[in-house]
2 protein chains.
Amino acid sequence: MLQEAFSIGSHDCGDCPIRHRAVCARCEADELELLEEIKYYRSFEAGQTVIWSGDKMDFVGSVVSGIATLTQTMEDGRTQMVGLLLPSDFVGRPGRQGSAYDVVATTDLVMCCFRKKPFEQMMETTPHIAQRLLQMTLDELDAAREWMLVLGRKTAREKIASLLAIIARRDATLHLRGTDGPLVFDLPLTREAMADYLGLTLETVSRQVSALKRDGVIELQGKRHVTIPDFGRLLEEAGDDSDGGMLA
Amino acid sequence: MLQEAFSIGSHDCGDCPIRHRAVCARCEADELELLEEIKYYRSFEAGQTVIWSGDKMDFVGSVVSGIATLTQTMEDGRTQMVGLLLPSDFVGRPGRQGSAYDVVATTDLVMCCFRKKPFEQMMETTPHIAQRLLQMTLDELDAAREWMLVLGRKTAREKIASLLAIIARRDATLHLRGTDGPLVFDLPLTREAMADYLGLTLETVSRQVSALKRDGVIELQGKRHVTIPDFGRLLEEAGDDSDGGMLA
DNA sequence: CAGAAGCCTTGACCCAGATCAATCTCATGA
DNA sequence: TCATGAGATTGATCTGGGTCAAGGCTTCTG
């Protein structure tokens, strides 16, 4: 648990099959020592706002445990979720002033933070870190662009299926499982949060979830426990034979 | 013109008021010398595909002149534009294998390219470059996320206004003008391309452009020459008092 | 100059998803 | 135990934007 916090982001070290793990002793040893000195922890309760849009943001950091959402809001209240932060995800922009989004804790949340100034200085003396952050940011950019396709061109049913596929895949890789057998996981989002993610209303989300359940694409125990009997089928429903990279 | 090619991306050097310029002698002198040795040029005609989704991508580079689009396509043909590449924009992902999108030249296009391997080696020995790329990628990520709000939550009219605002602003800053007086520029996109950008059909784009014209928000000479008499009014129509950062 | 090919515009109609509203479920706690 | 309230579901109805279709405007080409 403590170990996780040493990571500055999702994992991707070449031949290592593990991605999205919060820690990998082999390739992060150097970062670990460097970051040790300037790090500290912050905890948030479910529902708490971690960062307000427009905040100064004097730190960067990564999620240790829990889930947070990244949202943008218009003056009239319309909101769009633009990212989901899961354990090992990085928050903040070295070299930039403020935040453009609200970051809200969806569950209880622990973050490992680094004061921004020292972190930036460290980036200059440790090229490895800048490159690592670049890789992570490129991944996020790919994910955001993939999501643009979902938002712009998919139907409500496809949107729901896409979101479920992404969460299911991420959950599976996080637990070092493949996507062959049935997948079981807990939905970390309310219907309303899903709607904000998908550019829909919560009623439409509810209807489409019910429809997917009725059609046997998913099974529900309660409102949050989801079973995907056939992941390939879900991908078809998502209109997506390729990868659902969001959160990747 | 040749000078522009030395740049590896949009400009942002602190107190310098110039952004989005392709070159800035002051702060890029070091990059210039380093990159000189491994760069070469490629030209494309309007309509040509620069990179196919899935290509190996053995180079990275930046746009010198002309415009290209970044698009994703579903198997059934639905397409979503996920980015617009204007002069000084960077293309490619150091450290990554292939491209996830199609890159298509919208106008005649000149790119300044660097073979990927040497470029990556150079990144390791020249931390400045990785950091610069990180800044650019963070900007792109912000832009992509801002666009997610447009795609997910805005009406057709607001979408059109948002796109026009973004192009107008980028055009103004590129020519070192403010956004106070009337803005005049050429639309670099067909109605169909706009539709692909906005997640709409070309008919809806046409209707809403006509409506904005009828309501005096924009003026049109021909189909492509646009005049924005009041930029603030346009931003209101976009549902957006803050910045339209896409392409920023 | 005529014809053709690309774009663009406009109209008529339709439907997926929004909106409005009622009800249900279930966890919490007095 | 029951009241409370936050989420979720479901139904009825409406509407913004999609779909289909018919021209219109330019720019090439022969």
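Reminder, nothing fancy here: chain letters follow the sequence lines and each chain counts from 1.
One can place CD1 of B/Ile160 at 13 Å from C1' of C/dC8, the figure rounded to the nearest angstrom. Computed from coordinates, the B/Gln221 CD to D/dC25 C1' distance equals 17 Å when rounded to whole Å. Atom NZ of A/Lys223 and atom C1' of C/dA27 are 11 Å apart (whole Å). Distance A/Arg207 CZ to C/dA22 C1': 13 Å, rounded to the nearest Å. Summarising the geometry, the separation between CG on B/Leu200 and P on D/dT19 is reported as 11 Å, rounded to the nearest angstrom. Between A/Gln208 atom CD and D/dG11 atom P the separation is 14 Å, expressed in whole Å. When the P atom of D/dG17 is taken as reference, atom NZ of A/Lys154 falls 22 Å away, rounded to whole Å. When the P atom of C/dT19 is taken as reference, atom CD of A/Glu192 falls 13 Å away, rounded to whole Å.
The shortest distance between the side-chain N/O atoms of A/Thr204 and the OP1/OP2 oxygens of C/dG17 is not below 4.0 Å. For A/Arg224, a side-chain nitrogen or oxygen approaches OP1 or OP2 of D/dA8 to under 4.0 Å. Remark: A/Ser210 is in phosphate contact with D/dT10, judged by side-chain N or O atoms under 4.0 Å from OP1 or OP2. OP1 or OP2 of D/dT9 has at least one side-chain nitrogen or oxygen of A/Arg191 nearer than 4.0 Å.
Taking 4.5 Å as the limit, some side-chain heavy atom of A/Arg153 sits within range of a side-chain heavy atom of B/Asp196. Between B/Leu212 and B/Val209, every side-chain heavy-atom pair lies at or beyond the 4.5 Å cut-off. Side-chain contact check for B/Lys159 versus B/Val205: every heavy-atom pair is 4.5 Å or farther apart.
A donor N or O paired with an acceptor N or O is found under 3.5 Å between the base of C/dC20 and the side-chain atoms of A/Glu203.
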Practice task
Might you work through the side-chain contact (heavy atoms from CB on, under 4.5 Å) test for B/Arg42 and B/Phe59, ending with a clear yes or no?
Solution key: CA-CA 11 Å; B/Arg42 296 182 65 185; B/Phe59 68 97; 3.2 Å; yes
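Across all strands shown, A/Thr190 has heavy atoms under 4.0 Å from sugar-phosphate atoms exclusively, and none from any base. Residue-level contact check: A/Thr201 touches the bases, meaning some heavy atom is under 4.0 Å from a base atom. Across all strands, B/Gly199 comes closer than 4.0 Å only to sugar-phosphate atoms, never to a base (heavy-atom distances).
Using a 4.0 Å cut-off between charged nitrogen and carboxylate oxygen, A/Arg96 and B/Asp142 do not count as a salt-bridge pair.
Remark on DNA chain C: of its neighbouring residues A/Ala156 and B/Leu220, the 5'-side contact belongs to B/Leu220, judged by nearest-heavy-atom nucleotide.
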